[in-house]
Amino acid sequence: MRVLSASLGQLILEGAQAAQRAGVLSGCTLPEHAHLSHPTRSEWGDYSCALPLQLAKPMQQNPLEIAGQIEKYLPDSVLLGDTSVSAPGFLNIRLNGDWLASQIEVILGLGSAYADLQYGDGKSAQVEFISANPTGPLTVGHGRGGVVGDSVSNLLAAVGYQVTREFYYNNAGQQMRRLGESLRLRYLQALGQSVELAEDHYHGAYLVELGRGLYVEHGESIVDADWEFFKTKAEDAIAGNQRDTMKILGIQMDVFFNEYSLYDDGSVDKVVEVLRDKGFAYERDGALWFAATSLGGRDDRVIVKSGGEPTYRLPDIAYHCNKLQRGFDLVVDVLGADHKDAFPDVIRGVEAMGYDGSGIKMLMNQFVTIKGNRMSKRSGNFVTLDELLEDVGPDVVRFFMLMRAAGSHLDFDLDLAREQSEKNPVYYVQYAHARICRVIEKAQSEGFLGDSGDVDLLCHPAEHLLIRRLLELSDTIDRAVRELEPHHLTAYARDLAGSFHGFYRDCRVVDVDNKALSLARLKLVRAARFGLARTLELLGVDAPKAM
RNA sequence: GCCCCCGUAGCUCAAUGGAUAGAGCACCUGACUUCGGAUCAGGUGGUUGGGAGUUCGAAUCUCUCCGGGGGUGCCA
């Protein structure tokens, strides 16, 4: 399917070109795209375009006159219904009702993939998200990144990309030592020893439980084990817990990329070697520095500490080189706000290594608060994603996380999320789907079978609006992919559900006294089911048949 | 100090340089004895944090100030 607003914009540009050729508009350069919007008043049609206003200056002509000429020279197209011009210079378009009705058959023919696009065909994309250290349960912040990353993955697949969902398993480095030490101390506490955790240890209750568990299992036999033993115990338990949580949230990773492998296969050493050879790395104060400033960065960065241990930046660069070596056309890093500043340095590192970093995009998501409370993992004061999921369920978590632009702070409204009523926007959308299923069942029970309906009978404004909305799923997918902003889907889901509810009120579907119209409307209802189910699928939210 | 993100209705947030800035929640008033009322229709509610600038046109772009968050580690 094609993006409707883009097709209309193309027609308008063709009209402008034709008017230029006819000499009624001056021959200035036209923009590549004509932007369309939905007008606020229904008498202005389905779409309006401000192109004439933009052209007024370069053309040295009155915008209303420009709009009139473009209207006159619009090419013949089945898409176009009434057109009009309004002050101060808008060109308004109403879609052709017959064409709209005919699109129902197109949707039914294509099924739930009807709105998919093809511009990613033959390309591959990798989306890295969550990538939590195995040092504690997933937080609601990880949940946001997870839901955003998973939906972006769905969206990329919907435009044709072969998508790999990847979790960077960050299990080397100093944090893991702290984790091992923390668990060792918790175990010793379980033995009754009076030892205290240091400030930079992990204080969460989950390690207390793990420590007790180790005591129950091993007694005092591991009292002399070192931090690495405890690190492995903690890591295994926590990673398993994280995967369980992701499963509940409906996230299925394709690859768990292990940081250790970058050391094992020499990738990390290779980065050091190449950066040294190219003069992008130098020694100072016993440490190895990456000369980020020579590549436009603000500060040079340590990549190997004076003790010989790499900082996180070094394996990060190696990892991103590895992504490009695997041939991905598009790489998306879904990062929390705390990792945002490190991203440009990684890209500089990748480019210093000789790769083209332009295909690597960052999707930053701001932190999440619940009822206004900040959460911090090291202090142990946080609501886990597990707890949130148990409280309100995965559908509500996913939908709420996707209601906001990723870059906006998200204040999770627990009271609203717990509300199982009309107040909750998730149920508004799911209810529309359940209602659709019920109408279809009702129609079958009343003997409306088969697909003989004639869609030409559908000419009610509420029907037209619903069809238009269904077609706009392509626009929504296109925009969400272009901007890497999956939250457009939740807004669309509410609009589409609203259009269906409006249609349901105005247009009775199952009417034994009007079989022909009933059969036609039934087709529209089935098409609406594809649209709503697909939207919910892209969001990762269940589309229930009853609720 | 410096860098980045955010600031929009009482609350939580939308809005691709375009028309009278939109939804949901809250509050108020209504709706088919028929397909699910978890719905629908209407109302109240705004100096888009303040100020200046660019533009025919600014929530959107620029500058400045204020407020919130993040970063500025040889932590990740």
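Below, chains carry the letters A, B, ... as their sequence lines are ordered, and counting in each starts from 1. The figures here come from the full heavy-atom set of this structure, side chains too, leaving out hydrogens, waters and symmetry mates. Keep in mind that what you see is a predicted model, and the values were worked out from it rather than measured.
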Between [M] and [N] - [atom1] atom distance, rounded Å:
N: B:C27; M: B:C32; atom1: C1'; answer: 26 Å
N: B:U47; M: B:A38; atom1: C1'; answer: 38 Å
N: B:C13; M: B:G69; atom1: P; answer: 14 Å
N: B:G67; M: B:C56; atom1: C1'; answer: 34 Å
N: B:U48; M: B:C66; atom1: C1'; answer: 16 Å
N: B:U39; M: B:G46; atom1: P; answer: 27 Å
N: B:G45; M: B:U64; atom1: C1'; answer: 32 Å
N: B:U16; M: B:A21; atom1: P; answer: 16 Å

Integer-rounded Å distance: [N] [atom2] and [X] [atom1]:
X: A:D341; N: B:C5; atom1: CG; atom2: C1'; value: 10 Å
X: A:L410; N: B:G7; atom1: CG; atom2: C1'; value: 16 Å
X: A:N133; N: B:C75; atom1: CG; atom2: C1'; value: 10 Å
X: A:R284; N: B:G73; atom1: CZ; atom2: C1'; value: 14 Å
X: A:F503; N: B:G36; atom1: CZ; atom2: C1'; value: 15 Å
X: A:L8; N: B:U16; atom1: CG; atom2: P; value: 19 Å
X: A:Y428; N: B:G24; atom1: OH; atom2: P; value: 7 Å
X: A:F399; N: B:G24; atom1: CZ; atom2: P; value: 13 Å

Problem - A:F90 over B:A19, stacked by centroid distance under 5.5 Å, angle under 30° - result: yes
Exercise for the section: Flag as yes if A:F367 stacks onto the base of B:G70 (centroids under 5.5 Å, planes under 30°), otherwise no. Expected result: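 No.
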Taking the minimum atom-to-atom distance to the side chain of [X], which one of [options] wins?
X: A:D338; options: B:A14, B:G37, B:G71; result: B:G71
X: A:V510; options: B:C35, B:C74, B:A23; result: B:C35
X: A:T311; options: B:G36, B:C74, B:C13; result: B:C74
X: A:W44; options: B:U12, B:U72, B:A19; result: B:A19
X: A:A405; options: B:G37, B:A14, B:G22; result: B:A14
X: A:E483; options: B:U16, B:G71, B:C13; result: B:U16
X: A:V509; options: B:C13, B:C35, B:G70; result: B:C35
X: A:K340; options: B:C74, B:G69, B:A19; result: B:G69
X: A:R435; options: B:G69, B:G18, B:G36; result: B:G36
X: A:Q175; options: B:C75, B:G18, B:A14; result: B:C75

Per the atom types in the model, does the base of [N] pair as donor or acceptor with the side chain of [X] at under 3.5 Å?
X: A:S306; N: B:C74; value: yes
X: A:R508; N: B:U34; value: yes
X: A:S37; N: B:A19; value: no
X: A:N92; N: B:A19; value: yes

Practice task
On RNA chain B, check which nucleotide each of A:N424 and A:C49 is closest to and give me the residue with the more 5' one.
Solution key: A:C49
Handout entry: Residue whose nearest RNA chain B nucleotide is more 5′ - A:H501 or A:D299
Key =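 First, find each residue's nearest nucleotide; the 5'-ward one identifies A:H501.
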Using Watson-Crick or G-U wobble geometry with both distances under 3.5 Å, which nucleotide pairs with [N]?
N: B:G45; value: none
N: B:G36; value: none
N: B:U72; value: B:G1
N: B:G22; value: B:C13

So, is [X] near the phosphate of [N], with a side-chain N or O under 4.0 Å from OP1 or OP2?
X: A:Y504; N: B:G37; answer: yes
X: A:T490; N: B:A14; answer: no
X: A:R505; N: B:C40; answer: no
X: A:K442; N: B:U34; answer: no
X: A:R177; N: B:C75; answer: no
X: A:H487; N: B:A15; answer: yes

[X] and [Y]: aromatic ring centres closer than 6.0 Å?
X: A:F257; Y: A:Y319; result: yes
X: A:F500; Y: A:H433; result: no
X: A:H38; Y: A:Y47; result: yes
X: A:F129; Y: A:F167; result: no

Exercise for the section: Please determine which of A:L197, A:I238, A:L207, A:L183 meets the side-chain contact (heavy atoms from CB on, under 4.5 Å) test together with A:Y202. Expected result: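 Only one of A:L197, A:I238, A:L207, A:L183 forms a side-chain contact (heavy atoms from CB on, under 4.5 Å) with A:Y202, namely A:L207.
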Exercise for the section: State, without any angle test, whether A:S267 and A:N322 hold a side-chain donor-acceptor pair at a distance under 3.5 Å. Expected result: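 No, no side-chain donor-acceptor contact under 3.5 Å.
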Exercise for the section: Grab the two heavy atoms, one from A:H201 and one from A:S182, that are nearest each other, plus how far apart they are. Expected result: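 That would be CB-OG, 3.2 Å.
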Practice task
For the residue pair A:L4 and A:S474, establish whether any side-chain heavy-atom pair is separated by less than 4.5 Å.
Solution key: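 Not in contact.
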Fill in the blank from the handout: Rounded to the nearest 0.5 angstrom, the NE2-CD1 distance for A:H33 and A:I12 is 13.5 Å
